[in-house]
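Just so you know, these numbers come straight off a predicted model, no measurement behind them. Indexing begins at 1, ligand by ligand and atom by atom, following the structure's order.
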Amino acid sequence: MTRHSFLDDYSEGAHPDILEALLVTNMVQQTAYGDDIYSQEARGLIRQHMGDVDPDVWFVSSGTLANILIISAALRSHEAVIAPASGHIVVRETGAIEATGHKIITVPPVGGKLTPESIDAALKANAHFPHMAKPRLVYLSNATEVGTLYTKAELRAISRLCKERGLLLLLDGARLGAALSATRNDLTLKDIAELTDFFWIGGTKVGALLGEAIVISNQELREEFRFHIKQRGALLAKGRVLGLQFRELFREGLYFDLARHANDMAMRLSSKISNAGYRFVAETETNQLFPILPNTLIEKIKADFDFYVWEAHDESSSVVRLVTSWATEEAHVDAFAAKLEEFAS
Ligand SMILES: Cc1ncc(COP(=O)(O)O)c(C=O)c1O
């Protein structure tokens with residue numbers, strides 16, 4: 001078996017159905033800047049999941065861009081974001097949000113998540129006005145950066161607190177497909193549209209070539225969002241490329257099928273790793289796994305597999321991150337498990 005990468009869920013190009021759709025529509029002339037028929041259809045298909053919320057939907061090329069666009073459009077210059085310290089905008093976006101002039105107030109994550117209590121504590125600790133930046137927007141990710149899930153009750157409690165305290169709620173859905181397709185999930189797209197002011201649906205990590213769909217239910221932000229998109233260089237002339245991919249993902253449920261497959265592969269890998277006697281730092285709920293492996297074993301497995309060594313656990317072992325995807329095959333998982341056994345014996 002050739003070398004395989006568990007580094008992330010975007011190591012391959014795109015699902016063949018998406019490439020096929022791009023090919024079939026290639027010579028059809030379309031209006032530019034997101035007014036093409038495919039983007040309109042994709043918006044309609046996504047909106048169908050949201051009942052009477054009827055949000056605006058915009059397609060952009062990357063997750064960092066989605067976060068920058070939403071946060072910078074929603075906040076005034078003195079307003080701040082509350083986020084878990086493990087949040088993508090905090091640790092992996094090169095200070096992109098801070099570069100728009102907004103402070104991020106970090107709170108300790110609980111299993112990668114925010115809680116009403118942690119948000120409340122951040123509000124109390126950031127109330128000396130006008131000397132402190134004013135908390136105005138709460139950022140969370142589902143699935144989280146450690147692959148865990150928010151339940152409906154958890155998201156509802158956070159949403160309620162946000163409404164009571166005048167905070168906007170943003171859900172980063174880079175891996176929302178994995179979250180919604182997880183066995184334990186009880187949230188729907190409609191719930192999320194109702195409970196948040198804005199969220200985005202990741203395409204890049206679930207088989208699209210690239211692209212994320214921003215969904216905005218907040219009335220005030222909807223009004224002029226397209227100006228923000230254009231001003232930040234995010235309104236693609238060939239918006240059809242993004243719209244078409246989302247039309248394909250949502251036309252017959254490919255989005256959910258691919259995410260479910262990634263989760264199934266993660267569960268298979270997770271049970272093989274725990275059967276081999278290794279523990280995890282976070283429960284495997286979606287397509288990211290965080291087992292603790294001996295450093296000597298890691299070195300040996302790296303000869304055949306790519307994955308991130310996430311952090312040191314103790315002197316002799318480390319937490320690694322393994323990500324399964326729409327393209328992972330059972331054979332990849334089984335080959336990894338076979339290596340664990342080979343080096344254990
Ligand atoms: C939770 C989360 N948010 C945002 C992003 C950013 O996406 P991009 O790399 O497309 O900017 C990622 C990418 O890994 C992510 O995992």
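For the residue pair Thr31 and Arg240, no side-chain donor N or O sits within less than 3.5 Å of a side-chain acceptor on the partner.
Taken to the nearest 0.5 Å, the CZ atom of Arg136 stands 7.0 Å off from the CZ atom of Arg76.
Annotation for ligand 1: atoms under 4.0 Å from non-hydrogen atoms of Ser62 are 10 (O), 11 (O). Atoms of ligand 1 found under 4.0 Å from any heavy atom of Ala174 (numbered from 1 in listed order, with element): 1 (C), 2 (C), 3 (N), 15 (C). The ligand atoms of ligand 1 that sit less than 4.0 angstrom from a heavy atom of Arg175 are 16 (O). Numbered from 1 in the order shown, with element, the atoms of ligand 1 that lie under 4.0 Å from a heavy atom of Thr64 read 6 (C), 7 (O), 8 (P), 11 (O). Which parts of ligand 1 touch Glu145 is read off a 4.0 Å heavy-atom cut-off, strictly below it: atoms 1 (C).
No N or O atom of Ser141 sits closer than 3.5 Å to an N or O atom of ligand 1. Ligand 1 has an N or O atom lying under 3.5 Å from an N or O atom of His88, backbone or side chain.
Judged purely by atom type and a 3.5 angstrom limit, Thr328 has no side-chain atom pairing as donor or acceptor with the backbone of Met265.
Using a cut-off of 4.0 Å between Lys/Arg side-chain N and Asp/Glu carboxylate O, Arg43 and Asp56 are scored as not salt-bridged. Under the 4.0 Å criterion applied to side-chain N and carboxylate O atoms, Asp120 and Arg165 are assigned as salt-bridge partners.
Leu140 places a side-chain heavy atom less than 4.5 Å from the side chain of Leu169.
The protein non-hydrogen atom at the shortest distance from atom 10 (O) of ligand 1 is Gly63 N, 2.9 Å.
The heavy atom nearest to atom 13 (C) of ligand 1, out of those in Arg92, Glu93, Gln288, Lys205, is found in Lys205.
Within the structure, ligand 1 has Asp172 among the residues with a heavy atom less than 4.0 angstrom away.
Cluster membership check: Ile97 shares its hydrophobic cluster with Ile214, using side-chain heavy-atom separations under 4.5 Å among Ile, Leu, Val, Met, Phe, Trp and Tyr.
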